[in-house]
Number of protein chains: 2
Amino acid sequence: MTITHAEENYLKAIFTIAEKEAGPALTNAIAAQMQTSAASVTDMLKRLSDKQLITYEKYRGVQLTEEGGRLATALIRKHRLWEVFLVDKLGFAWDEVHELAEQLEHVQGNDLVSRLDSFLGYPKFDPHGDPIPDAEGRWTFRKQAPLATLKAGERGIVTGVDDHSTTFLQYLDQLGLILGAELELLERFPYDQSVRVRIRDGRELILSDKVTQNLFVKIS
Amino acid sequence: MTITHAEENYLKAIFTIAEKEAGPALTNAIAAQMQTSAASVTDMLKRLSDKQLITYEKYRGVQLTEEGGRLATALIRKHRLWEVFLVDKLGFAWDEVHELAEQLEHVQGNDLVSRLDSFLGYPKFDPHGDPIPDAEGRWTFRKQAPLATLKAGERGIVTGVDDHSTTFLQYLDQLGLILGAELELLERFPYDQSVRVRIRDGRELILSDKVTQNLFVKIS
DNA sequence: AAAAATATTTAGGTAAGTCTAAAAATAAGT
DNA sequence: ACTTATTTTTAGACTTACCTAAATATTTTT
Ligand SMILES: [Mn+2]
Ligand SMILES: [Mn+2]
Ligand SMILES: [Mn+2]
Ligand SMILES: [Mn+2]
């Protein structure tokens, strides 16, 4: 049973939604994620259901089967490993690699993923701080929370982002808030929930509520 | 104007045929190369002609336009660079990389090829000894000839293969006839045109006519 | 030059994946 | 409970890329 690129992309979208919403993925949510029409989604859901990759009840949304989950996880693994390759080996910036990884994740071959994994030194996280499942599909979780939850006086290390948009990533670059950056929250302004932080080199920054909600830190 | 994977593959096939046959590529030759039906080829030729990537005269075969040639060359460049990556960086054997490169060559992105090229150290030849065109589409040619043309007493260095099949490549591995291997032709047997050669470590091998015609050497 | 063989194109179909518009089901509001 | 709004599915159509079978063009043979 062969699986198409489109089918793989839908499985990934369903996985992502199910993870976030914690329940069945609804047609419209999938359509939004895939940037396509609800009609096209319904079409595809039938195909995926025929292939036993999802369980599908009309009007009730879908869930991945065990096999569907395995495939989605493998795809995410490939996507994130390729992102590590593009950043660590080819020198791309972290805001430039997503579209390329969207293509590379579909390349299939026997040993490719494991050899790539080995070549990269078995990374546990991708350039955006997202975890990379291992060959058996096991995830490494990390204690992290949005910067918005940090209290004044606490210190943290930047470990990831929720928003993956180019504009956000480039803004963080400009601020020097790359992965691993250390910071201390000096104060939070009640007016708009913005914060003042001090970073490693002593510089102080004001970060908006929007930034603090989309930036993950590990409390240190 | 977007170009599909299938279209790219046809352009490459036409390029390869035109190179070998030195003339227009005929429908049946393309069908054979693409392992598809002549009817499907005719279909595609119309599409490529509409996109001005080939000049097509019914029943008379096709030729690549300048733009078509540029695209085909770029595709071959990508294919061969990825093959170098798979062998040099991921440790694949030279007989394992073609199918993967067939997929990787279609990945498109701004800087990808040039960064890959740089990462690999600007290789001029792929793992099979085939030349890699540079970013401007210029080819590096090498004085090489089939081992069949070598005369008794002459020495050569293995520089490439004509037959790219797994069985041939693995057989060469077994014999120790990898790229760069030095050999001396000791004698040619008139009966079947097989030859006796001595290789670097002093071992002597008997090579069939089929082998000598598919193995390229640089006379040294 | 006509007949036979070969090469190529056309005709008609299929499957994947997409679309818009209309119909049907479900959920929400009064 | 009934009406309205929202969500989802169905219907019908389009494109790409493939197929087989039949028709036509070209080349080769006699
Ligand atoms: Mn990504
Ligand atoms: Mn990522
Ligand atoms: Mn190849
Ligand atoms: Mn090659």
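Because the structure is a prediction, the values reported are computed rather than measured. Protein chains get the first letters and strands the later ones, always in sequence-line order, with residue 1 at the start of each.
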### Query
Do B/L175 and B/L177 touch side chain to side chain, with heavy atoms closer than 4.5 Å?
yes
### Task
Starting from C1' on C/dG17, measure out to NZ on A/K51 and report it in whole angstrom.
12 Å
### Task
Tell me, please, which residues at least two apart from A/Y10 pass ring pair (Phe, Tyr, Trp, His ring centres under 6.0 Å).
none
### For A/D43, salt bridge (charged side-chain N to carboxylate O under 4.0 Å, His left out) partners two or more places apart
none
### side chain to side chain donor-acceptor pair (under 3.5 Å) partners of B/D162, counting only residues at least two apart
none
### Message
Looking at D/dA17, I'd like to know if its phosphate oxygens (OP1 or OP2) sit under 4.0 Å from a side-chain N or O belonging to B/S40.
### Response
no
#### Entry: Results of salt bridge (charged side-chain N to carboxylate O under 4.0 Å, His left out) for B/K51 - residues two or more places apart only
B/E7
### Query
What is the distance from CG of A/L45 to C1' of D/dT9, rounded to the nearest Å?
11 Å
Result block: side-chain N/O donor-acceptor pairs under 3.5 angstrom for residues 67-78 of chain A, not counting sequence neighbours:
from  : atom 1 : to     : atom 2 : distance (Å)
A/E67 : OE1    : A/R70  : NE     : 3.2
A/E67 : OE1    : A/R70  : NH2    : 3.1
A/T73 : OG1    : A/G69  : O      : 2.8
A/R77 : NH1    : A/P133 : O      : 3.0
A/R77 : NH2    : A/D117 : OD2    : 3.1
A/K78 : NZ     : A/E105 : O      : 3.1
A/K78 : NZ     : A/V107 : O      : 3.2

### Query
Can you find a side chain N or O atom of A/K46 that sits less than 4.0 Å from OP1 or OP2 on D/dT10?
yes
### Summary
Between B/E57 and A/D43, the residue closer to the 5' end of DNA chain C by nearest nucleotide is B/E57
Pick out the pairs of N or O atoms, protein on one side and nucleotides 3-5 of chain C on the other, that lie under 3.5 Å.
none

### Query
Among D/dA17, D/dT20, D/dT26, which nucleotide sits nearest the side chain of B/R47?
D/dA17
### Task
Tell me whether the OP1 or OP2 atom of C/dT9 has a side-chain N or O from B/T42 closer than 4.0 Å.
yes
Which atom pairs, one a donor and one an acceptor, fall under 3.5 Å between side chains of residues 121-131 of chain A and the rest of the protein, sequence neighbours left out?
from   : atom 1 : to     : atom 2 : distance (Å)
A/D126 : OD1    : A/H128 : N      : 2.7
A/D126 : OD1    : A/G129 : N      : 3.1
A/D126 : OD1    : A/D130 : N      : 3.0
A/H128 : ND1    : A/E83  : OE1    : 3.1
A/H128 : NE2    : A/W94  : O      : 2.7
A/D130 : OD2    : A/H164 : NE2    : 2.7

Tell me which donor-acceptor pairs under 3.5 Å the side chains of residues 13-35 of chain A have, and how far apart each pair is, sequence neighbours excluded?
from  : atom 1 : to    : atom 2 : distance (Å)
A/T16 : OG1    : A/K12 : O      : 2.8

### Message
So if I take residues 3-36 of chain B and measure heavy-atom distances to DNA chain C, which residues fall below 4.0 Å?
### Response
B/L26, B/T27, B/N28
### Message
Quick check with a 6.0 Å cut-off and a 45 degree axis cone: is A/K89 positioned over the face of B/F85's six-membered ring?
### Response
no
### Query
Has B/Y56 got a side-chain N or O lying under 4.0 Å from the OP1 or OP2 atom of C/dT8?
no
For nucleotides 21-24 of chain D, list the nitrogen or oxygen atoms of the protein found under 3.5 Å from its nitrogen or oxygen atoms, one pair per line.
none

### Query
For D/dT27, does OP1 or OP2 lie under 4.0 Å from any side-chain N or O of B/R60?
yes
### Task
Provide the Watson-Crick or G-U wobble partner of C/dA15, both distances under 3.5 Å; none if there is no partner.
D/dT16
### Message
Run the salt bridge (charged side-chain N to carboxylate O under 4.0 Å, His left out) test against A/E57 and tell me which residues pass, sequence neighbours left out.
### Response
none
### Task
Would you tell me if any nitrogen or oxygen in the side chain of A/K58 comes within less than 4.0 Å of OP1 or OP2 on D/dT10?
yes
### Task
For B/R60, enumerate each residue passing the salt bridge (charged side-chain N to carboxylate O under 4.0 Å, His left out) test, keeping only those at least two apart in sequence or located in another chain.
none
